[in-house]
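Here is the structure we will look at, set down as structure tokens.
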Amino acid sequence: MRVVRPEFRPAPGLDTDAMASRQRDIAAVADFADDHGLTPERIGLDEPPGEQAALGGATTSGEAAPVVVGVDQAFRDDEVSVSAAVAIRDGAVIERAAGNAPLDVPYVPGLLAFREGSAVIDALSSLSVEPDLLVVDGSGRIHYRQAGLATHVGVLFDVPAVGVAKSLLCGTPAAALADPLPAGTRVAIEADDSMDAPDGAVVGYALQSRQYPTPETRHINPLYVSPGHRVSAGTAADLVEATCTQYKLPAPTRLADQYAADLT
DNA sequence: GCGACAG
DNA sequence: ATCTTGTCGC
């Protein structure tokens, strides 16, 4: 796939203010409403990935199943950012792509895309299939300037994207998350005064994709799902939930995780 | 000033 | 993200 907004490429030379400014520009053109043809049913990940699947990628309804691409990051020698992208259709891996970039920007919460974005772009640029959805590790709209890594990448390629984070960057849960949530539960994450989004706006969801039978003794933490681009908050939660077939994390994310580890 | 803080 | 085995409890 190809970058369609090259002006938003993460440039290493920028100072903190310039990076933040670029993020506001990205948020201004980002689309946090549904603009895609996806449904949880069409994702077609009922079977664990890696199994047999129809060669043409046909669903039970006869239409071509959407291509979902998981993206994950790793480091090599503390100086190279490695990105792994794994494309899945109908529960089967159809393509993998790797990307690299020098690791010259330090990690700063809120500026992750400027540290690891270039490697992600490198990986996605070499994908020959056209993704219908990107599942990016990290935040999307749950971000100080509504432009987390998932939003940044989604806008760069103008492709539907969602962000899946394992911890909350910012925002306030609409209900307390202190007690373990039952599987399938979702709690809205609302914008607070640390964010550009209007106060109280639902910028994502805490999604309890898995839970132990007896959460009192031992419990699993929720995922934090947010719109990247062209997907609404509610639909993002629906789609991500459909990809969590067997474990807490989405299958595309797990596969990308694995591939990234192999590349390191 | 102190704490919080995606990967 | 990464350094890292066993161990506790579903």
Side-chain angles (χ1 to χ4, degrees), chain A residues 10 16 19-20 23 26-27 30 70-85 99-123 134-154 161-173 177 180 182-183 189 191-197 203-208 210-229 233 236 240 246-250 253-254 256-264:
Chain A
T16 300
M19 291 190 265
Q23 290 181 327
I26 290 167
V71 183
D72 190 47
Q73 265 53 247
F75 299 152
R76 187 159 53 210
D77 304 328
D78 215 42
E79 58 182 44
V80 177
S81 171
V82 175
S83 178
N100 300 287
L103 206 47
D104 33 34
V105 179
Y107 170 69
V108 177
L111 299 177
L112 181 65
F114 288 89
R115 176 172 167 81
E116 316 204 323
S118 295
V120 175
I121 293 167
D122 190 34
L134 257 37
V135 178
V136 180
D137 67 306
S139 269
R141 197 186 180 190
I142 297 181
H143 181 276
Y144 306 115
R145 293 163 293 276
Q146 308 187 82
L149 181 60
T151 302
H152 202 132
V153 172
V162 299
V164 177
K166 293 179 285 295
S167 59
L168 191 59
L169 173 63
C170 59
T172 305
L177 298 176
I189 304 299
D192 56 31
D193 54 14
S194 77
M195 306 167 67
D196 281 355
V203 292
Y205 284 92
L207 173 67
Q208 195 72 51
R210 293 280 142 171
Q211 189 52 278
Y212 292 127
T214 315
E216 296 80 17
T217 317
R218 200 182 164 83
H219 66 271
I220 298 172
N221 295 134
L223 299 174
Y224 297 93
V225 180
S226 59
H229 183 48
V240 168
Q246 199 166 40
Y247 302 96
K248 164 182 171 174
L249 291 176
T253 302
R254 289 175 52 86
D257 234 324
Q258 184 65 254
Y259 185 35
D262 293 346
L263 294 169
T264 308

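Here is how names work: the chains are called A, B, and so on, in the same order as the sequence lines, proteins then strands, and each is numbered from 1.
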Legend entry - Short side-chain N/O contact to B:dC5 OP1/OP2 from A:Ser167, under 4.0 Å: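 Result: no.
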Inset, instruction - Considering just the side-chain nitrogens and oxygens of A:Lys166, establish if one lies under 4.0 Å of OP1 or OP2 belonging to B:dA6. - result: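 False: A:Lys166 side-chain N/O out of range (4.0 Å or more) of B:dA6 OP1/OP2.
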Legend entry - Among A:Val105, A:Leu111, A:Leu112, side chain to side chain contact (heavy atoms under 4.5 Å, CB included) partner for A:Val108: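 In the set A:Val105, A:Leu111, A:Leu112, the residue that makes a side chain to side chain contact (heavy atoms under 4.5 Å, CB included) with A:Val108 is A:Leu111.
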Between [N] atom [atom2] and [X] atom [atom1], what is the distance in whole Å?
{"X": "A:Leu168", "N": "B:dG3", "atom1": "CG", "atom2": "P", "answer": "20 Å"}
{"X": "A:Ile142", "N": "B:dA6", "atom1": "CD1", "atom2": "P", "answer": "12 Å"}
{"X": "A:Leu112", "N": "C:dT2", "atom1": "CG", "atom2": "C1'", "answer": "15 Å"}
{"X": "A:Glu79", "N": "B:dG7", "atom1": "CD", "atom2": "P", "answer": "23 Å"}
{"X": "A:His152", "N": "B:dG7", "atom1": "NE2", "atom2": "P", "answer": "18 Å"}
{"X": "A:Tyr224", "N": "B:dA4", "atom1": "OH", "atom2": "P", "answer": "15 Å"}
{"X": "A:Gln73", "N": "C:dA1", "atom1": "CD", "atom2": "C1'", "answer": "10 Å"}
{"X": "A:Arg115", "N": "C:dA1", "atom1": "CZ", "atom2": "C1'", "answer": "8 Å"}

Which atom names give the shortest non-hydrogen contact between [X] and [Y], and what distance separates them?
{"X": "A:Lys248", "Y": "A:Ile220", "answer": "CD-CG2, 3.6 Å"}
{"X": "A:Thr151", "Y": "A:Gln146", "answer": "CG2-O, 3.7 Å"}
{"X": "A:Tyr224", "Y": "A:Ser167", "answer": "CD1-C, 3.5 Å"}
{"X": "A:Arg141", "Y": "A:Val203", "answer": "CB-O, 3.7 Å"}

Legend entry - Any A:Ile189 side-chain heavy atom under 4.5 Å of A:Pro173 side chain: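 Counting from C-beta outward, A:Ile189 and A:Pro173 do come under 4.5 Å.
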Report which part of the nucleic acid [X] touches: base, sugar-phosphate, or nothing (heavy-atom distance under 4.0 Å, all strands).
{"X": "A:Tyr144", "value": "base"}
{"X": "A:Ile220", "value": "nothing"}
{"X": "A:Gly110", "value": "base"}

Legend entry - Any donor-acceptor pair under 3.5 Å from A:His143 side chain to A:Gly110 backbone: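 Yes; at least one donor-acceptor contact below 3.5 Å.
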Inset, instruction - Dot-bracket notation for DNA chain B is requested: 5' to 3', Watson-Crick or G-U wobble pairs only, both distances under 3.5 Å, with ( ), [ ], | and . as defined. - result: .......
Legend entry - Verify stack between A:Tyr107 ring and C:dA1 base, 5.5 Å, 30 degrees: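 Here the ring of A:Tyr107 and the base of C:dA1 are not stacked, as the 5.5 Å and 30° limits are not both satisfied.
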